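Everything on this sheet refers to the single structure shown next.
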There are 2 protein chains.
Amino acid sequence: MVSRAGPEATEGGTERISDAEHAVMEALWKRSPQSAAEVCDTVCQERGWSMPTVKTLLSRLVQKGALATTPDGRRFLYTPLIARSAYVGGESKRLVERLFGGRAAPLFAHLAQAEALSEDDIAEIERLLQEMKK
Amino acid sequence: MVSRAGPEATEGGTERISDAEHAVMEALWKRSPQSAAEVCDTVCQERGWSMPTVKTLLSRLVQKGALATTPDGRRFLYTPLIARSAYVGGESKRLVERLFGGRAAPLFAHLAQAEALSEDDIAEIERLLQEMKK
DNA sequence: CCTTTACGATTACGCTTGTAATCTGAACGG
DNA sequence: CCGTTCAGATTACAAGCGTAATCGTAAAGG
C-alpha cells in the first residue's frame, strides 16, 4: 500500500488518540511489548470488548504511529512509540487551555472546590510546592 | 414535542458536549441570552465558521438539553442550562480519572514538571492551600 | 499432505462530529 | 396583498470512532 496520503506518513505520534485507543495504550504502557492476545486479556475484561475490537484498535494505533510492531513468530508484538508522560502532558495541557485559558491555578481551584482533592493529594501538593521553591 | 426517548428526557445537561459545541457554550457563558446571529458574531470569527454551522451547533445543544430557547419576536434567544462550572468540573474530573487514576496530585505534579505552572499559579495555589487548611 | 486453527488484514456499519447547503414559513417593505 | 428576506428546521455528507464479523494465510498437528 504505502500510498496512504496521510499528512504525516513518516512522523512520530502526532495524531490524536481516541478514548478507546487510550485504553489499549494504557495496557501497553503498563507492560510492553505484548501480543494482541495479551493486550486483549487485560483490556477485554476491563471494557467488555472482544478480540476483533482490540485488533482494530491496535491497527489504528500503528497507523497513527503510536505503536510499533515487532514480528515474533507469526504474530506481532506491540510497543508504544509515544511515552505515557507525553500523552498525559498533552492531554492535560489541552484541557487547561480549553477550559482555563491556559492557567493551571483555576484548574486547581476547581478541583479543590469540587472536593476532588483528598487529604493525601493536598499533602503531596504541598510537598511538591516546597520542592519547587528550592 | 417532549417525546424524546433519550435516557434522560427530563434531566439537565447530561449528554456530552463536543469540542465545537463547547465553543458555542463559551460564547453564551460569557453573555446570555443571545440570538444565533450574535453567537455567530463571536464564534464565527474565532473559528472561521459560517452561520449554518453555528445554527447546527445551537440546535444540537438544545437537543442535548444544554441550552434553553426563549422566543423573541421571530427568532430565538439562547441561554445555557448548564453552568460553566459544572461543565468545567465534569471535564476536569474526567481527565483526572482517565489519566491519573482519580488522584489530583499527579496531575499537579505533571503540570509542575511540564513547567505549565507560572509563578502566579504557584502563588495562588499556595494561597488556596492555606485557605483550605483552615 | 491436508485440515484445523490462530493470526493479522480487510471490510462493515451505525453513531457522533464538524461543516455546511437547502427548505420552509413568517415578518416586513412596498 | 405580494414578493423579499431572514429565522429556524431539515437534510447532507465526509471523517472519525466504537464495535465487530469475515477473509486470507501461515503454522501446527495429525
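A note on names: the letters A, B, ... follow the listed sequences, proteins ahead of strands, and every chain is numbered from 1. Values in this document were obtained by computation on a predicted structure and should not be read as measured data.
In this entry the distance linking CE of A:M51 with P of C:dA9 reads 12 Å, nearest Å. Between A:K64 atom NZ and D:dG16 atom P there is a gap of 8 Å when expressed in whole angstrom units. A:E15 places its CD atom 8 Å from the P atom of D:dG16, with the value rounded to the nearest Å. The interatomic distance linking A:L67 (CG) with C:dA9 (P) rounds to 12 Å, in whole Å. Note: CG (A:L61) to P (D:dG16) measures 14 Å, nearest angstrom. The distance from atom CG of A:D41 to atom P of C:dA6 is 14 Å, rounded to the nearest whole Å. Computed from coordinates, the B:L58 CG to C:dT17 P distance equals 15 Å when rounded to whole Å. Atom-to-atom, CD of B:Q63 to P of C:dT16 comes out at 10 Å; the value is rounded to the nearest Å.
Salt bridge status for A:R103 with B:D120: absent, with no side-chain N to carboxylate O gap under 4.0 Å. Using a 4.0 Å cut-off between charged nitrogen and carboxylate oxygen, B:K30 and B:E26 do not count as a salt-bridge pair. At a threshold of 4.0 Å, the pair A:E15-A:R60 does not count as salt-bridged, since none of the basic side-chain nitrogens sits closer than that to a carboxylate oxygen. Taking the charged nitrogens against the carboxylate oxygens, A:E91 and A:R16 do have a contact shorter than 4.0 Å, which makes a salt bridge.
Here A:A37 lies out of heavy-atom contact (under 4.0 Å) with every strand.
Scanning both residues, A:A105 and B:E124, for their nearest heavy atoms gives CB-OE1, 3.9 Å. Minimum heavy-atom separation, A:A104 to B:D121: N-OD2, 3.6 Å.
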Contact letters for nucleotides 18-29 of chain D, in which S counts primed atoms plus P, OP1 and OP2 and B counts the base, heavy atoms under 4.0 Å: BBBB-----S--
